[in-house]
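Here the structure comes first, spelled out in C-alpha cells, and everything after it is commentary.
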2 protein chains.
Amino acid sequence: MPKLRQLVNRSDYPPACSQCALRKSDAFSPVSDAQLRYIEAMRSDRIGYSAGSHIKPENQRATALYTLYSGWAFRFKTLSDGRRQILNFLLPGDLIGLQEQFSDGPSHGVDAITEVTLCVFPLTKLWDLFRDHSGLAYSVTWLAAREESNVDENLLSAGRRNASERIAALLLHLHRRATHLGLADLADNGSIAFPLTQSHIADALGLSLIHTNRSLRKLHLAGLHHIEGGRLTILNPKALERLSEYYDQPTRQVPLI
Amino acid sequence: MPKLRQLVNRSDYPPACSQCALRKSDAFSPVSDAQLRYIEAMRSDRIGYSAGSHIKPENQRATALYTLYSGWAFRFKTLSDGRRQILNFLLPGDLIGLQEQFSDGPSHGVDAITEVTLCVFPLTKLWDLFRDHSGLAYSVTWLAAREESNVDENLLSAGRRNASERIAALLLHLHRRATHLGLADLADNGSIAFPLTQSHIADALGLSLIHTNRSLRKLHLAGLHHIEGGRLTILNPKALERLSEYYDQPTRQVPLI
DNA sequence: CGCATTGTTGATCTCCATCAATAATTGTGG
DNA sequence: CCACAATTATTGATGGAGATCAACAATGCG
C-alpha cells in the first residue's frame, strides 16, 4: 500500500492555501490574510495515499500533523487477537495526529478508505502556532473538541443503542457531515459518496459483520435508505431520526488547512 | 441536590492557585509565576456540589469553564427512554465544560459522584487566555486530547471487549489514574477510594446492571481485585492486564487550575 | 429503627455472534 | 474485452453472552 507521490496536476492535489477548495465551502469560518500566510508557510508538504493504505500504524507516533484534504479515512484501535474498533471517520478538513502531540500513551491507527490527500504540518511548529497565532490555536482546540464529540456519540451507540439504532445514527451522522461539507449531490436526492464497506460499519458500531448486514438490509427493505454504486441516499430521514434519536446540529468549522 | 456554598475553611476548599494541592502532585507539570498569577486572576469563583448532584444538565450549555479540584464526577449522554451512557469519569485536574465552548450541538451532562469542589473560570476569558498565554492554551488542548483518548479507550471496551474484559480495563484505568494523582494508599496495597456504584460501572461499559454484578463478582472470586468500604484494591494486576490487554502509559499532566 | 439505596442470585428469553455456504461485485492480467 | 481471482454482500442454522424479570439480602442513612 504505497504512498502516491504523483499527485501534482491532479484535481484533488491540494493547491495553495489561498485557493483551498475546502475554504470555499461555508462549512469553514473565515481566516485572516495573515493567518492564511502563516498556514501556507507552515505547511511543509502534500502527500497522497491509495485506498486502503495505512496512513499511521497503531503503535507508532505520528511524525507530523496532517489535515485531510480529500478522501475518507478512519481512526481505529485493535486488541491483540485482531478485534478492531473504529473510533471515528475522518472527512476533509479533519486533523490527523493531534492526539499524539498531547499524550505519550498508546494510540490509534489511521487507515485510508478511499484514496486520500493530506497537507503536512511539521510538529515542531505547533508550539509556534500556539504562540504566534492564537486564533489558529483556538481552531486546533476546536477541532479536537469536535472530534471528541463525534467519539462521544459513537460511544453512546456502541454502549446503549441496538443494532438498527446504531446504523441509523451512523448513516445520519455521516450524511450530515458530508452534506455540511458540500459533498451532497442535490440533483440526486442529496445523495453522498459512501465508500464504507459493511465491515467498516460493523467495526465502527461494535457489531459483527453478519449482523450488520442483516440490520442494514432491514432498514433498506423498510425504505429508510438506499446504498448503491458507492452512494448513500437517505430516503426517510424522519424514521431514521426516530430510530436513533438523532438530534445533533451542524457546527461551523474553524479550519486549519 | 443543592450546591454547597459553605466550603470555606474546609480542607478540600480550593486555596489560592499558588497553594493548589493538585500542583504539588508530580502528575502536573510546572507553570511559571506569570501563568500562575494569570490563572489566579482568571478564576472567578470556587463552588461545591454534594454527592449525586447535577453539575450540568445534558441539554444546557455550560455557563463557565470548570476545573475539578476534588471529588469524582462523570460525563454522560442519555437516550429519550432513559438509557444512559457514561462517557468518561472525571478526576481532580480534569476540565469540565470545554467541549461546549467549541461546538454548539447537543452535549452531555455532568453529574457529581462524590461531593466535589470546582474552580470556576469565566468563558469570556478563554479567548484571552489563548491570546495572552499560549502555554496555558497548549495545556487546555492537551487536556482535551487526553480526555478524548480516555473516551477512545472506553469505546474500544464498549465495542469490542466482553463483559469481564471491560471491567478489567476500567478498574485498571481508574486505578492508574487515581494512583497517578497520588490518591493511592501505599500502606494498604495501593488501594484507592472507589466511589462508583455498580450502576455507574454498568452505564460506563454499556452493560446491564445485573450482568455487571455477575462479572464483577467473578473477577472478585478469582482474586483479581477487591472492593470494600468504598475502596478498590488491585490484587492481581497481571491477570487484569491480560484480560483487558491493558497497556496505556501514564502521562504528565499539564494543569490549568 | 424504618426506609432507601445498593448488591446478590436464580430463571428465562433474545439479540447478536459464530459457523457455513453462496451470490454479487470489483478488480486484474492476459 | 473477457476469464478468473479476490473482495464484498447475502442468507440460513445454531449457540451463547448478556438482557430482562423477579426476589431477596446487605448496607447505609435520617
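So you know, we letter chains A, B, ... as the sequences are listed, proteins then strands, and number each from 1. Keep in mind that the numbers below use all heavy atoms, side chains included, and drop hydrogens, waters and symmetry copies.
- In terms of phosphate contacts, B:Q198 brings no side-chain nitrogen or oxygen within less than 4.0 Å of OP1 or OP2 of C:dT5.
- We find that B:E245 and B:R161 are not joined by a salt bridge, their nearest charged nitrogen and carboxylate oxygen being 4.0 Å or further apart.
- In this structure, B:N213 atom CG and C:dT5 atom P are separated by 18 Å, rounded to whole Å.
- For B:L221 and C:dT9, the CG to C1' distance is 12 Å, given to the nearest whole Å.
- Rounded to whole angstrom, the span from the CD atom of B:E228 across to the C1' atom of C:dT8 amounts to 15 Å.
- The A:I210 side chain lies nearest to C:dA20 when the options are C:dC16, C:dT8, C:dA20.
- Summarising the geometry, atom CD1 belonging to B:I201 is positioned 7.0 Å from atom CG belonging to B:L205; distances are rounded to the nearest 0.5 Å.
- Each of B:E147, B:E148, B:E100 was checked for a salt bridge (charged side-chain N to carboxylate O under 4.0 Å, His left out) with B:R75, and the lone residue meeting it is B:E147.
- Residue B:S208 is classed as a base contact, given a heavy-atom separation below 4.0 Å to a base.
- Map A:T212 and A:G229 each onto its nearest nucleotide of DNA chain C; the residue landing nearer the 5' end is A:T212.
- Between the CD1 atom of B:I113 and the C1' atom of C:dT5 there is a distance of 16 Å, rounded to whole Å.
- Atom-to-atom, NE2 of A:H211 to P of C:dT18 comes out at 12 Å; the value is rounded to the nearest Å.
- Where A:L209 and B:R214 meet DNA chain D, the nucleotide closest to each residue was compared, and A:L209 sits on the side nearer the 5' end.
- Residue pairs that meet the salt bridge (charged side-chain N to carboxylate O under 4.0 Å, His left out) test with at least one member in residues 213-225 of chain B, sequence neighbours left out, do not exist here.
- For A:A21, the side-chain contact (heavy atoms from CB on, under 4.5 Å) test picks out A:Y69, with sequence neighbours left out.
- Between B:F74 and B:H200, the distance separating the two ring centers is shorter than 6.0 angstrom.
- No donor-acceptor pair closer than 3.5 Å links the side chain of A:R160 to the backbone N or O of B:Q85.
- Residue B:R217 is in sugar-phosphate contact alone, with no base atom involved, counting any heavy-atom pair closer than 4.0 Å across all strands shown.
- One interatomic measurement links the two molecules: CD of A:E115 to P of C:dG27, which rounds to 13 Å at whole-angstrom precision.
- Looking at heavy-atom distances under 4.0 Å, B:G206 makes contact with sugar-phosphate atoms alone, never a base.
- Protein chain B contacts DNA chain D over a range whose 5' and 3' limits, counting nucleotides with an atom under 4.0 angstrom from a non-hydrogen atom, are D:dG18 to D:dA22.
- A:L205 has its CG atom 11 Å from the P atom of C:dA17, to the nearest Å.
- Rounding to whole angstrom units, NE2 of residue B:H200 and C1' of C:dG7 are separated by 14 Å.
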